[in-house]
Amino acid sequence: MYFSKSFIPILKNNPTEATIKSHQLMLRVGMIKQSSAGIYSWLPLGFKVMKKIERIVREEQDRIGAQEILMPTIQSSEIWKESGRYEDYGEEMLRIKDRQGREILYGPTNEELITDIFRSSIKSYKSLPQLLYHIQWKFRDELRPRFGIMRCREFYMKDAYSFDINDDEAIYSYNKFFLSYLRTFKRLDLSAIPMSADTGPIGGNLSHEFVILADTGESKIYTDKRIFEVQSDKAILNKENLNDLRNKFDKYYAVTDEKFNKKDFDEKVPEEFRLSTKGIEVGHIFYFGDKYSKPMNASVDYQGKKEFVKMGSYGVGVSRLVGAIIEAKYDNKNEIMKWPISVAPFDCGILPLINKNDTKNLDKAVKISNLLKKNGLDVLIDDTEENFSSKIKKFNLLGIPFQIMIGNKNEGDIFEFREIGIESKNISINEIVEIIKKKKV
Ligand code: ATP
Ligand code: MG
């Protein structure tokens with residue numbers, strides 16, 4: 001892709017309407033465009049990143065055996081009346097009437113709809129467990145949409161739902177998602193801590209929020225620092241192992257505001273490990289038993305009896321993660337972004353110095369680009385006539401993790417190469433390919 005042909009509308013300065021770095025950067029490099037309060041269009045650069053995040057989220061859902069479906073954004077009010085949440089959900093729900101005067105709504109979450117799908121299809125306990133997920137737009141009429149796509153009204157979410165025969169099996173499902181979330185955030189190069197959380201309007205009694213530390217986060221958190229050291233690498237998908245894994249985290253005090261209790265905090269956490277700070281919630285998992293299955297009559301036959309299924313739900317803010325990664329990785333002072341290569345919009349930038357009427361450097365750039373592409377890498381060539389320093393400044397903002405410079409003195413197949421934010425070195429193109437490919441896996 002040539003920069004001059006790309007749709008990456010970069011602004012000269014930080015937009016004044018944005019107060020946090022992710023919002024500033026996303027507007028500055030043209031990742032998103034606000035269309036109305038809390039509602040955004042995703043432009044190519046932002047959309048590429050979000051799609052890559054979505055892919056990782058999907059792979060980690062599939063890996064624990066969850067099956068993907070797609071439910072609509074528009075739901076009927078009937079099922080929400082059955083569960084009793086139509087009134088309870090309040091003003092965050094966008095309620096609409098169709099031409100027949102029927103009450104419909106733009107889904108803020110999908111517990112009711114999935115329960116309805118389940119009850120009409122699954123009759124026997126032998127079909128359990130069922131783990132289903134979808135990745136779909138949600139609408140919540142937030143009182144104060146702010147921080148760009150971090151708290152907006154229309155956002156992209158992965159939500160999953162589990163159905164089991166009893167508590168024990170249901171907790172096993174819960175723990176599978178717990179593991180899949182740890183894996184997901186790790187692949188996004190984020191350190192997200194699972195914290196005990198309130199269940200809020202979803203209901204139920206077991207819940208964890210996954211939070212990444214950031215000064216600009218909206219959640220106040222209280223934690224034992226040792227939770228950051230817990231390893232989750234060797235987890236295996238069996239009951240006992242997953243229980244152990246969750247216990248390794250749960251043994252440390254880690255809670256959000258609503259669950260905070262100063263006496264507990266002081267008693268359970270030695271002073272040197274106490275950390276009270278702010279964070280961004282990127283995921284939330286709940287176990288709520290038969291809260292929906294009972295009023296909505298979702299049951300299976302089990303030993304001649306009717307059993308209401310035990311359910312959990314599991315959300316990841318796919319679009320919020322784009323902003324959360326920026327909050328975690330953007331160096332505001334030096335204006336350098338560094339996307340984890342797993343989600344970077346491009347793997348490598350090629351920055352040739354272009355002299356008027358001389359295509360030598362650009363020709364080289366195209367050749368290198370073809371070689372990188374052959375190796376499965378995604379490349380952006382800066383074919384503008386800007387000088388090196390403004391090209392580098394621009395690519396530092398774009399956050400493409402690697403840069404190859406092609407100047408007039410460049411000879412043979414040795415190029416100036418840098419991993420963003422790190423000193424450059426002169427190495428051969430083959431070495432460059434190897435370095436990037438190694439980072440990519
Ligand atoms: P919050 O406390 O931030 O309002 P929530 O508890 O209401 O979040 P859930 O219902 O658990 O959120 O939704 C799952 C995930 O969806 C959240 O962890 C978050 O990452 C994302 N999310 C929720 N609300 C928004 C929003 N208004 N804008 C963007 N992402 C959101
Ligand atoms: Mg909310």
Side-chain angles (χ1 to χ4, degrees), residues 20 22-23 26 32 34 36-40 42 46 50 53-54 56-57 61 73 85 88-94 106-114 133-161 174 177-178 180-182 184-185 188 190 192-204 206-212 214 216-221 255-260 278-288 291-292 311-328:
I20 67 169
S22 59
H23 190 195
M26 290 183 82
I32 50 170
Q34 183 173 336
S36 59
I39 301 180
Y40 289 84
W42 289 77
M50 185 162 74
I53 295 173
E54 177 185 358
I56 290 175
V57 169
Q61 295 294 291
T73 53
R85 273 210 298 183
D88 289 357
Y89 210 92
E91 306 227 85
E92 267 191 25
M93 182 188 279
L94 178 63
Y106 195 119
T109 179
N110 283 58
E111 281 79 10
E112 283 77 0
L113 193 49
I114 194 87
Y133 75 98
H134 79 156
I135 306 177
Q136 176 64 292
W137 293 95
K138 305 289 184 294
F139 193 95
R140 294 183 188 172
D141 202 354
E142 299 275 356
L143 184 59
R144 256 180 251 103
R146 55 185 187 153
F147 302 151
I149 48 81
M150 295 283 254
R151 179 163 305 281
C152 48
R153 298 199 296 166
E154 192 179 9
F155 58 97
Y156 203 43
M157 193 212 275
K158 184 286 300 178
D159 40 324
Y161 303 87
Y174 183 92
F177 283 100
F178 187 92
S180 94
Y181 278 30
L182 292 172
T184 303
F185 299 129
L188 299 174
L190 291 175
I193 29 175
M195 327 196 74
S196 310
D198 243 17
T199 48
I202 307 265
L206 173 62
S207 173
H208 285 84
E209 271 178 26
F210 288 77
V211 178
I212 65 162
T216 47
E218 291 189 281
S219 317
K220 188 110 192 50
I221 58 174
V255 300
T256 55
D257 226 0
E258 307 94 38
K259 280 219 153 180
F260 178 62
K278 284 191 199 150
I280 301 167
E281 178 194 324
V282 286
H284 202 164
I285 59 179
F286 303 88
Y287 176 53
F288 44 74
K291 180 177 154 91
Y292 300 91
M311 294 173 57
S313 76
Y314 315 89
V316 169
V318 176
S319 51
R320 178 181 284 183
L321 273 166
V322 179
I325 294 172
I326 296 174
E327 290 299 322

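Atoms within a ligand are numbered from 1 in the order they appear, just like the ligands themselves. Every heavy atom of this structure was used, including side-chain atoms; hydrogens, water molecules and symmetry mates were not.
- For ligand 1, the polar-atom distance check finds no N/O of F155 at less than 3.5 Å from any of the ligand's N/O atoms.
- Taking only non-hydrogen atoms, the option from R146, E258, M150, R320 nearest to atom 19 (C) of ligand 1 is R320.
- Within the set H284, E218, M157, the minimum heavy-atom distance to atom 13 (O) of ligand 1 is found for M157.
- T73 contributes no side-chain N or O that, together with a main-chain N or O of Y106, makes up a donor-acceptor pair within less than 3.5 Å.
- Using a 30° and 60° split on the angle between ring planes, F185 and F210 fall in the tilted class, from 30° to 60°.
- No part of D159 comes within 4.0 Å of ligand 1, judged by heavy-atom distances.
- The atoms of ligand 1 that sit less than 4.0 Å from any heavy atom of E142 are 24 (N), 26 (C), 27 (N).
- Residue contacts with ligand 1 do not include S319, since none of its heavy atoms lies under 4.0 Å from the ligand.
- Distances from atom 17 (C) of ligand 1 to the heavy atoms of K138, E281, K158 show the closest one on E281.
- Within ligand 1, counting atoms from 1 as listed, the ones closer than 4.0 Å to a heavy atom of R140 are 5 (P), 7 (O), 9 (P), 10 (O), 12 (O), 13 (O), 23 (C), 24 (N).
- Under 3.5 Å, the side chains of H208 and Y174 contain a donor-acceptor pair of N or O atoms.
- Taking every non-hydrogen atom of I149 and a distance limit under 4.0 Å, the qualifying atoms of ligand 1 come out as 29 (C).
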Exercise for review: Test side chain to side chain donor-acceptor pair (under 3.5 Å) on E327 and T216 and set out the steps.
Suggested key: CA-CA 8 Å; E327 290 299 322; T216 47; 2.7 Å; yes
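- A parallel orientation is assigned to the rings of Y314 and F177, their planes being inclined by less than 30° (bins at 30° and 60°).
- Remark: ligand 1 atoms within the under-4.0 Å shell around heavy atoms of V282 are 18 (O), 20 (O).
- A salt bridge does not link K138 to E154: none of the charged side-chain nitrogens sits closer than 4.0 Å to a carboxylate oxygen.
- Contacts between R151 and ligand 1 below 4.0 angstrom, taking non-hydrogen atoms only, involve backbone and side chain alike.
- Within the model, atoms CZ of R85 and CD of E112 stand 4.0 Å from one another, a figure rounded to the nearest 0.5 Å.
- Within the 4.0 Å heavy-atom cutoff, E209 does not count among the residues contacting ligand 1.
- Using a 4.0 Å cut-off between charged nitrogen and carboxylate oxygen, R151 and E142 count as a salt-bridge pair.
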